[in-house]
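To start, the structure itself, in structure tokens.
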Amino acid sequence: MTHDSASLYVRHQAVLPSWLGLFYERPLELTHGEGRHVWDAEGNRYLDFFGGILTTMTAHALPEVTRAVAEQAGRIIHTSTQYLSRPMVELAERIAALSGIPDARVFFTTSGTEANDAALLLATAYRGSNQVLAMRNSYHGRSFSAIGVTGNTSWSPTSLSPLQTLYVHGGVRGRGPFAELDDGAYTAACVADLEDMLQQTAGGVAALIAEPVQGVGGFTAPPDGLYAAFREVLTRHGILWISDEVQTGWGRTGDHFWGWQAHAGNGPPDLLTFAKGIGNGMSIGGVVARAEVMNALPANSISTFGGSPVTMAAGLANLTYLLEHDLPGNARRVGGLLIERLRAVSAGLDVVREVRGRGLMIGIELVRPGTGEPSPEAAALVLETARERGLLVGKGGLGGATLRIAPPMSLTVAEAEEGADLLADALRTAQQRWAAA
């Protein structure tokens with residue numbers, strides 16, 4: 001049997017869905033990694049600036065995590081939530097304390113999609129309503145209910161939903177009808193839009209679900225404090241606030257441990273969802289909620305794989321490493337350096353509309369030169385060119401026109417500078433090809 005990537009791609013197409021997207025014209029098979037680098041099946045080495053969609057949070061092959069997984073697997077791999085689990089209780093205790101939510105309870109799932117699905121179940125059951133507020137351009141997962149609150153049409157394959165979803169302004173600062181306003185006026189306009197929408201709803205809305213920084217949406221974010229202003233309105237109506245921290249959690253934004261803390265004027269959210277980085281590649285997701293909300297389900301429930309002893313051991317080791325090595329602080333320092341470097345190299349390029357983000361969560365929006373129209377073609381070209389130079393980045397945003405940069409949070413200054421140089425070269429190449437065309 002051959003082991004080259006081309007033949008594997010043929011086999012992939014023969015047995016997997018056509019909508020299971022792959023990066024690159026010649027898709028990569030990544031075989032191993034170390035630190036902030038990965039290698040493909042052909043032996044090529046890459047600086048990883050995407051981390052498996054923000055999931056390799058600390059480092060590839062982190063010894064502390066792999067050792068914890070191996071030791072736990074050597075004892076027992078699976079029990080289910082119908083038995084007491086020391087690793088699950090210990091990780092829940094640590095996450096509850098870090099969450100900022102008073103009297104917090106934690107429910108573990110296997111993914112961010114499932115975490116958001118559970119949060120929607122809790123909120124609608126608690127409030128007795130299937131009406132949900134969501135943000136335009138948002139993404140919350142691939143389940144039936146999560147798609148029903150996803151405001152990004154590229155990731156919403158059906159209009160059918162168990163929920164009645166109402167979309168409000170605020171998640172995209174640089175585009176839309178309020179883009180030209182200053183931050184204070186922008187927030188006021190979005191709050192007015194929210195108030196107006198609530199006046200026209202037929203019954204009590206269950207919750208607002210919102211990403212503090214929109215991930216798949218292209219790392220867009222509102223002005224700090226917008227969700228605090230929203231919270232004042234929500235509280236008057238008894239509406240819950242779900243903060244989707246699947247991509248923003250664990251200090252990736254640098255300034256705060258959770259994305260919601262940039263909007264903390266009126267305290268923590270009622271529910272918080274998490275996943276991705278906490279497992280460093282192991283399948284962990286979850287919901288944190290105050291006890292009154294978490295305990296509101298009127299029926300029994302379990303999770304067969306959520307809270308697995310092996311994934312919980314990985315999460316404990318990973319979280320310990322993150323905190324002991326102050327990776328949130330590193331994300332702030334190195335991420336700040338990286339974003340300034342990227343802004344500097346992009347300043348003279350017509351293909352770049354905006355470099356935005358915070359910490360190690362940076363977006364570069366690309367447009368057709370001379371217009372403000374998003375250019376997914378340019379993004380695809382930069383993605384390919386960066387790969388040729390040994391750098392892996394992601395993409396998302398409107399039409400897939402924004403490069404997404406989210407390296408492991410242990411990224412060094414030297415690696416940030418190397419990645420910025422490689423990306424600058426790829427951006428200049430894209431600009432030149434556009435000019436030639």
Side-chain angles (χ1 to χ4, degrees), residues 99-102 116 119-120 122-124 126-127 129-140 146 148-152 163-179 181-215 217 219-249 253 255-256 258-274 287-290 293 358:
S99 72
I101 295 175
N116 285 329
L120 292 166
L122 290 167
T124 54
Y126 179 79
R127 288 280 290 153
S129 168
N130 74 334
Q131 290 187 324
V132 175
L133 299 170
M135 307 304 295
R136 299 180 186 186
N137 195 51
S138 59
Y139 174 82
H140 298 288
V149 293
T150 287
N152 186 319
L163 305 167
Q164 181 184 1
T165 305
L166 307 167
Y167 292 99
V168 295
H169 285 291
V172 182
R173 180 66 183 90
R175 289 187 181 274
F178 305 146
L181 302 175
D182 64 37
D183 284 353
Y186 179 92
T187 296
C190 293
V191 169
D193 175 65
L194 173 61
E195 292 266 28
D196 181 67
M197 179 166 284
L198 290 176
Q199 289 175 7
Q200 299 180 50
T201 58
V205 172
L208 164 73
I209 184 168
E211 306 155 274
V213 179
Q214 294 183 334
F219 292 168
T220 61
D224 287 357
L226 179 130
Y227 292 118
F230 275 13
R231 185 65 181 276
E232 293 183 12
V233 178
L234 301 177
T235 299
R236 287 203 310 272
H237 292 268
I239 299 168
L240 301 178
W241 172 26
I242 304 168
S243 185
D244 178 344
E245 302 276 354
V246 169
Q247 297 195 32
T248 51
T253 63
D255 296 334
H256 306 285
W258 303 106
W260 69 260
Q261 290 170 316
H263 308 270
N266 290 291
D270 299 289
L271 301 97
L272 174 158
T273 60
F274 61 86
V287 184
V288 188
R290 52 189 172 91
V293 176
R358 59 203 313 166

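We're numbering straight along the sequence, starting at 1.
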Contact summary for A134 and T165, nearest pair of heavy atoms:
CB-CG2, 3.9 Å
Whether the side chain of N137 engages the backbone of G151 through a donor-acceptor N/O pair (distance < 3.5 Å, no angle test) should be reported.
no
Pairs where residues 193-207 contributes a residue and the test salt bridge (Lys or Arg N to Asp or Glu O under 4.0 Å) is met, not counting sequence neighbours
E195-R236
Write down the atom of W258, the atom of S99, and the distance for their closest heavy-atom approach.
NE1-CA, 3.6 Å
State whether the side chain of T248 and the backbone N or O of V213 hold a donor-acceptor pair below 3.5 Å, judged by distance alone.
no
Kindly indicate whether the side chain of N152, heavy atoms from C-beta on, has any atom under 4.5 Å from the side chain of R136.
no
Checking R173 side chain against A179 main chain: does a donor-acceptor pair fall under 3.5 Å?
yes
Can you see whether T124 engages N130 through a side-chain donor-acceptor pair at a distance of less than 3.5 angstrom?
no
Taking the side chain as every heavy atom from C-beta outward, state whether L271 and W241 have any pair of such atoms under 4.5 Å apart.
no
Donor-acceptor contact present, side-chain N116 to main-chain H140, <3.5 Å
yes
Any donor-acceptor pair under 3.5 Å from Y227 side chain to Q261 backbone
no
Straight-line distance of I239 CD1 to L194 CG, nearest 0.5 Å:
7.0 Å
Does some side-chain heavy atom of S243 sit less than 4.5 Å from a side-chain heavy atom of P212?
yes
List the steps, then state whether salt bridge (charged side-chain N to carboxylate O under 4.0 Å, His left out) holds for R127 with D270.
CA-CA 12 Å; R127 288 280 290 153; D270 299 289; over 6 Å; no
Within the distance-only criterion (no hydrogens, no angle test), does the side chain of E245 pair as donor or acceptor with the backbone N or O of W260 below 3.5 angstrom?
yes
Non-hydrogen side-chain atoms of V205 and V132 separated by less than 4.5 Å
no
Return yes if some donor-acceptor pair links the side-chain N/O of R231 with the main-chain N/O of H263 below 3.5 Å, else return no.
no
Backbone of T201 reached by a side-chain donor or acceptor of Q131 within 3.5 Å:
no
Atom pair CG (D244) and OG1 (T273), whose distance is rounded to the nearest 0.5 Å:
4.0 Å
Nearest heavy-atom approach of T220 to G171 is OG1-O, 3.2 Å
Judged by modelled atom types alone, do S138 and Q214 share a side-chain donor-acceptor pair under 3.5 Å?
no
State whether the side chain of Y167 and the backbone N or O of T150 hold a donor-acceptor pair below 3.5 Å, judged by distance alone.
yes
Heavy atoms only: give me the nearest A119-V287 pair and the separation to one decimal.
N-CG2, 4.0 Å
I209 side chain near L133 side chain, heavy-atom distance below 4.5 Å
no
Using atom types as modelled and distance alone, determine if a side-chain donor or acceptor of Q200 lies under 3.5 Å from a backbone N or O of M197.
no
